[in-house]
S.K.: 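One structure, pasted below without further comment.
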Amino acid sequence: MKDKKIEKLIKLEEKRQKEGIELIPSENYASSEVRKVLSSYFVNKYSEGYPKKRYYGGNEYVDEVEILAIERAKKLFSVPFVNVQPYSGSPANLAVYLATCQPGDVVMGQALTAGGHLTHGHNVSATGIFFKTIQYGLKKEGVYEKKDLFDYEEIRKLAKQHKPKLIWVGATAYPLKFNYKKFAEIADEVGAYLAADIAHVAGLIAGGVHPSPVPYVHIITTTTHKTLRGPRGAMIMVTDKGLKKDRELPDKINKAVFPGLQGGPHDNQTAAIAIALYEALQPSFKKYAAQIVKNSQVLAQVLKDGGLYLIGGGSENHLILVDLTPTLGKGMGVFAQKALDKIGLTLNKNTVPNETSSPFYPSGIRLGTPAATTREMKEKEMKFIGQKILQVVEILKKYHLPEKKEERGKYIANFEKEIEKNPLIKKLRAEVKKLALKFPIP
Ligand code: DSN
């Protein structure tokens, strides 16, 4: 490469990915074919519009690519309509608002601090700025027990009171299966569109290890790069139930994506989505999805046996949400994230239900198994990873989040220096690296 600076950074990122273990549940390793297609000549093309209805010439092969991606997605998820053009998950969700609501309409979604997503109506998101949003949370009691944490009576009450036009179901930090039927009963009672954001669990649904929302919701959005293991991108689907409610939904969704929100689709991304969908349609993908869940359950059990408190009592999908409050005190997520990063285990700090700290200094950590499972790590490796996490949590017991905000920056900088020098951290780093190098990334 002529640009030595970028070349160096690419090499460093490659080394980081190879020598560490990725536990952020929304990340994965796309196949080498997906990565190859992203740099194909499709990167050079403009193709505003939809197959056979483009604004520019030279789109005969782009059309074929987009049709293939659409047909594969329809087959994989058993839906009658798919749009594969959204640049990523947030624009896909915004397109759903544009297709179904008018500015100022009431919409409902799970609060970000309760595991929802910014685009489900958080007040700093365009979705919370242009629409009147009602947010629902999780149950307050028994959050460490293995039980459905949604309070359907509360959600029903809110829906009846505020009459939303659109309701979202789907989360970024919920470790159990979704009961889409119960959400559908509520949405149907108030005549709302029900949209499932399955970004986190799309690969699990495709692999048959998580219930599908298709029979219950009108619209489905998903990113393509999480458990689905494709390139960064997104799709919007309409179900038969959606068509029955509104025959014009596909057209409304298409118009919302282009020209409503976006310009030309990223054709190299569409081609890579088509490849990822091809991969997800192979029998081996079912095995992959099942192993993600097995790995997550084993890892959860090790953490639980080690005394940690898990939201939802464990994991039924690909992710685990640990509440560190009873173990380390409030606001310790950032300490765990930083210390684990130092040993090569990458995960993220996260708010937990009944959070007593703030989103910037949350009390939990979120971790998951899609990426490690792609590297073919199995139960044995999950036990190893769980033990390393427990050892790091022990080290953290002598630290706390200062009450006074102005003391936090200095305290954490000092903590980082101490952790860097800690001999046990150095030993754990070497152990994680040794294991990681035995499991190549695609
Ligand atoms: N950033 C994604 C996640 O980590 O869950 C959601 O958009």
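The structure displayed is predicted, hence computed values, not measured ones. Order of listing sets the numbers, starting from 1, for every ligand and every atom in it.
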S.K.: Do the charged groups of Glu14 and Lys18 touch, with an N to O distance under 4.0 Å?
M.R.: yes
S.K.: Can you check whether Phe130 and Tyr97 have ring centres sitting under 6.0 Å from each other?
M.R.: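 Centroid distance Phe130-Tyr97: not below 6.0 Å, so no.
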S.K.: Quick check for students: name every N or O atom pair between ligand 1 and the protein closer than 3.5 Å, with distances.
M.R.:
| unit_1 | atom_1 | unit_2 | atom_2 | d |
| --- | --- | --- | --- | --- |
| ligand 1 | 4 (O) | Ser26 | OG | 2.7 |
| ligand 1 | 4 (O) | Arg366 | NH2 | 2.7 |
| ligand 1 | 5 (O) | His200 | NE2 | 2.7 |
| ligand 1 | 5 (O) | Arg366 | NH1 | 2.9 |
| ligand 1 | 7 (O) | His117 | NE2 | 2.8 |

S.K.: Indicate yes or no: does Lys252 engage Asp246 in a salt bridge with an N to O separation below 4.0 Å.
M.R.: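 Looking at Asp246 together with Lys252, the answer is yes, because their closest N to O distance falls below 4.0 Å.
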S.K.: Sequence neighbours excluded, which residues qualify as side-chain hydrogen bond (donor to acceptor under 3.5 Å, both in side chains) partners of Lys177?
M.R.: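 If we apply the side-chain hydrogen bond (donor to acceptor under 3.5 Å, both in side chains) test to Lys177, skipping adjacent residues, there are no hits.
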S.K.: Apply the test salt bridge (charged side-chain N to carboxylate O under 4.0 Å, His left out) to residues Lys36 and Glu33: give CA-CA distance (whole Å), side-chain angles for both, the deciding distance (0.1 Å), then the verdict.
M.R.: CA-CA 5 Å; Lys36 194 169 151 200; Glu33 294 194 9; over 6 Å; no
S.K.: Mind checking whether His200 and Tyr174 have ring centres under 6.0 Å apart?
M.R.: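 No, the ring centres sit 6.0 Å or more apart.
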